[in-house]
Amino acid sequence: MHHWLRWARYEMVEVRFRRGRFRRRRSGRGDGRTMRWSKLFIPTLRDAPADAEAASHKLLVRGGFIRQLHAGHYSLLPLGLRVHDKVENIVRQGMEEIGAQEFLLPAMHPASIWQRSGRWGSVGPEMFRLQDRKEADLALGMTHEEVFTEIAREITSYRTLPQIWYQIQWKFRDEPRPKSGLLRVREFAMKDSYSFDLDDTGLDHAFETHRAAYLRIFERLSLDAIAVQASSGMMGGTGSVEFMVPSPAGEDDIARCVDGSYAANVERATSKLPPVDDGEARSELVRFPTPGVRTIAGLETVEGGAPAHRQIKTMVMVLDGAMTLALVRGDHQLNLQKLADGTGAADIRPAEPAETLERLGAHPGSLGAVGVEGLRIVADHALRGRYNLATGANTDDWHYSGVDIERDISVDEWLDLREVSAGEPCVNCGQPLEVVRCIETGHIFKLGRRYAEAMGASVLDADGVERPITMGSYGIGIGRAMAAVAEVHHDDRGLVWPAAVAPYGAVITVASMRDDRAVAAAEQVYRELQARGVEVLLDDRDARAGVKFADAELIGIPWRITAGRAAADGEVELTARATGDTRRVGISDAAAEVAALLADS
RNA sequence: CGGGACGUGGCGCAGCCAGGUAGCGCACCUGCUUUGGGAGCAGGGGGUCGCCGGUUCAAAUCCGGCCGUCCCGACCA
């Protein structure tokens with residue numbers, strides 16, 4: 001390469017660098033000389049793979065954005081990488097705006113650092129583990145609290161605080177069930193940031209700063225993310241908020257109040273329940289025969305039974321190896337995450353029928369907690385103070401009536417265990433809650449001092465007292481956010497990318513490559529758009545117009561400029577992907593027009 | 001890990017029950033025609049039928065084992 005050409009390349013990168021509103025990690029991608037469709041690798045498919053279910057999965061594959069390598073591992077093709085980069089850069093900008101500093105940490109970690117935090121033993125099989133040639137244990141990072149905290153040990157004075165550090169790095173998680181294309185994978189890019197503060201007040205501030213930054217980021221991605229109270233799961237800590245995008249392709253349910261005053265993951269959500277009238281005076285505990293009754297519904301109608309809301313449902317669970325009875329109202333559902341959070345159990349499973357038979361003496365359907373000794377019994381708040389209830393008697397075909405829960409059952413702990421249902425009154429305003437299926441695109445945690453204490457990251461405060469650093473951790477899944485955008489923004493013809501993340505801002509479709517005037521018009525608009533810094537794709541393939549239109553719509557480019565019969569009048573057509581609205585503009589005006597439209601969006 | 005389905009050219013599928021030449025549509029290559037909404041005709045290339053073993057003269061097909069993928073449940077960005 002001649003030196004002047006190399007210099008020209010360098011200049012181009014520099015211009016992009018300065019023009020960008022924020023730093024780009026990769027500045028040279030798609031440099032304008034490779035935007036002719038005929039030269040690009042954009043393998044579109046007419047049919048989606050048979051095993052694709054989610055809209056984003058089908059369309060990202062059909063549009064030539066991604067290809068599966070194996071379960072939970074996807075290759076990003078050039079189009080997919082362009083979108084992924086844009087999502088990354090929007091996230092990066094959002095982080096830079098709150099003063100976060102970008103790092104890049106190793107993806108592979110020594111076991112020792114996870115042993116020091118205690119998570120080598122606690123996280124289980126979702127961590128990929130391997131050995132090197134020396135048989136030393138290693139892990140592929142599923143998150144980076146340990147490594148960032150290790151670096152934070154070099155913070156020794158409160159005067160260095162607060163700090164916010166972040167990276168965009170590949171995470172590895174051996175998901176039990178990868179699914180739905182990029183929505184749930186085993187290898188994915190995540191923006192993870194970490195805040196370091198002297199105390200809880202500082203953490204609260206960093207947390208609220210992140211919450212606001214996340215809402216800005218998701219708005220720029222055209223995602224209507226709802227911030228909800230969440231369970232903290234594996235991360236631990238004192239509080240967490242998830243960012244949820246409503247979509248039937250999601251895997252989480254949230255409950256939210258119609259007026260927006262309350263929103264929580266169903267793993268955390270509560271509601272205000274009307275009190276139940278347990279009737280007349282407390283009656284005697286009566287054991288009565290119930291031949292063949294095995295269900296809540298069955299016990300409602302049998303002689304001596306009771307309506308579901310006046311029954312006790314007894315769920316026999318095994319928590320970290322110990323059999324536990326979890327009690328909820330007959331018409332309520334036990335939420336397993338609430339049980340885990342409330343009891344602190346790491347491993348939860350329902351007891352096998354054989355186990356319940358051996359320990360309690362009956363099969364599921366006739367189980368109860370009356371008179372049970374030696375097992376932990378936890379009960380939902382909705383059962384507190386209740387009496388005249390029906391429940392199983394731990395003998396097949398026998399139940400109790402007249403159960404007074406405080407008198408007859410030795411409850412060890414009262415917990416929030418029940419899952420809310422749609423229509424129940426909001427705890428804040430009493431209006432009905434709705435339950436909405438969502439994709440979790442972000443999650444922020446107040447970690448507290450747990451990692452700093454375990455790893456030995458502390459500072460001296462103004463009084464010269466050594467104090468562990470108070471931390472928060474904050475994640476956004478890049479590929480998941482990309483898939484969520486696809487999930488929300490598509491129609492029956494294909495993807496409809498918002499301009500901010502579209503692989504190209506515009507596509508010029510030459511209706512026929514044999515129409516010299518059309519070709520000349522297209523080349524002119526192409527040059528002019530490039531001069532204006534617009535990423536534009538020139539569809540110069542020698543294909544029929546219908547094929548090109550269909551492909552342009554499938555890959556979801558926001559603006560299409562059609563160079564065809566209008567060229568004879570000195571015009572091209574301008575079509576909005578989202579609406580299909582088309583109008584004619586002069587060939588020489590088209591570039592300015594499209595550049596302005598993209599700048600507005 | 002429990003339940004269900006499925007592995008046949010790049011994608012979508014048939015063939016398997018009744019063992020015997022691997023087939024169709026899309027895509028791809030060549031030629032001619034066509035050219036503003038996934039063209040037509042003609043010719044052509046491409047498949048260890050997931051893997052291993054067994055039965056058989058002969059296995060995509062029958063039997064056994066394994067692997068993989070997808071969907072529904074328990075977990076997470």
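Numbers restart at 1 for each chain; the letters A, B, ... are given by sequence-line order, proteins then strands.
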Measure the distance from [atom1] on [X] to [atom2] on [N] and round it to the nearest whole Å.
X	N	atom1	atom2	result
A/Glu53	B/rU69	CD	C1'	14 Å
A/Glu242	B/rC75	CD	P	13 Å
A/Gln167	B/rA77	CD	P	15 Å
A/Glu251	B/rC71	CD	C1'	12 Å
A/Asp51	B/rU8	CG	P	10 Å
A/Ile561	B/rG36	CD1	C1'	17 Å

Using a cut-off of less than 4.0 Å, is there contact between a side-chain N or O of [X] and OP1 or OP2 of [N]?
X	N	answer
A/His70	B/rG68	no
A/Lys179	B/rC72	yes
A/Arg177	B/rC1	no

>> Tell me every residue that passes salt bridge (Lys or Arg N to Asp or Glu O under 4.0 Å) with A/Arg67, counting only those two or more places apart in sequence or in another chain.
In response: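 Counting only residues at least two positions away or on another chain, A/Arg67 forms no salt bridge (Lys or Arg N to Asp or Glu O under 4.0 Å).
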> Looking at residues at least two apart in the chain, or sitting in another chain, which of them share a salt bridge (Lys or Arg N to Asp or Glu O under 4.0 Å) with A/Asp551?
Replying inline: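 Partners of A/Asp551 by the salt bridge (Lys or Arg N to Asp or Glu O under 4.0 Å) criterion, ordered by chain and then number, come out as A/Arg541.
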>> Restricting to ring pair (Phe, Tyr, Trp, His ring centres under 6.0 Å), what partner residues turn up for A/Phe148, sequence neighbours left out?
In response: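 Counting only residues at least two positions away or on another chain, A/Phe148 forms a ring pair (Phe, Tyr, Trp, His ring centres under 6.0 Å) with A/Phe103, A/Tyr194.
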> For A/His84, which residues count as a ring pair (Phe, Tyr, Trp, His ring centres under 6.0 Å) partner, sequence neighbours excluded?
Replying inline: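 With neighbours one apart ignored, the set is A/Trp170.
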>> Return a single string for nucleotides 37-42 of chain B, one symbol per nucleotide in 5' to 3' order, where B is base contact, S is sugar-phosphate-only contact and - is none, cutoff 4.0 angstrom on heavy atoms.
In response: BBB---
> When the P atoms of B/rC13 and B/rG19 are considered, how many whole Å apart are they?
Replying inline: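 One P to the other, the span is 27 Å.
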Check residues 213-221 of chain A and write down every donor-acceptor pair under 3.5 Å in which the side-chain atom is one partner and the other belongs to a residue at least two apart or another chain.
from: A/Tyr214; atom 1: OH; to: A/Lys191; atom 2: NZ; distance (Å): 2.6
from: A/Tyr214; atom 1: OH; to: A/Tyr474; atom 2: O; distance (Å): 3.4
from: A/Tyr214; atom 1: OH; to: A/Gly475; atom 2: N; distance (Å): 3.0
from: A/Tyr214; atom 1: OH; to: A/Gly475; atom 2: O; distance (Å): 3.2
from: A/Arg220; atom 1: NH1; to: A/Glu97; atom 2: OE1; distance (Å): 3.2
from: A/Arg220; atom 1: NH1; to: A/Glu97; atom 2: OE2; distance (Å): 3.3
from: A/Arg220; atom 1: NH2; to: A/Glu97; atom 2: OE1; distance (Å): 3.3
from: A/Arg220; atom 1: NH2; to: A/Glu97; atom 2: OE2; distance (Å): 3.2

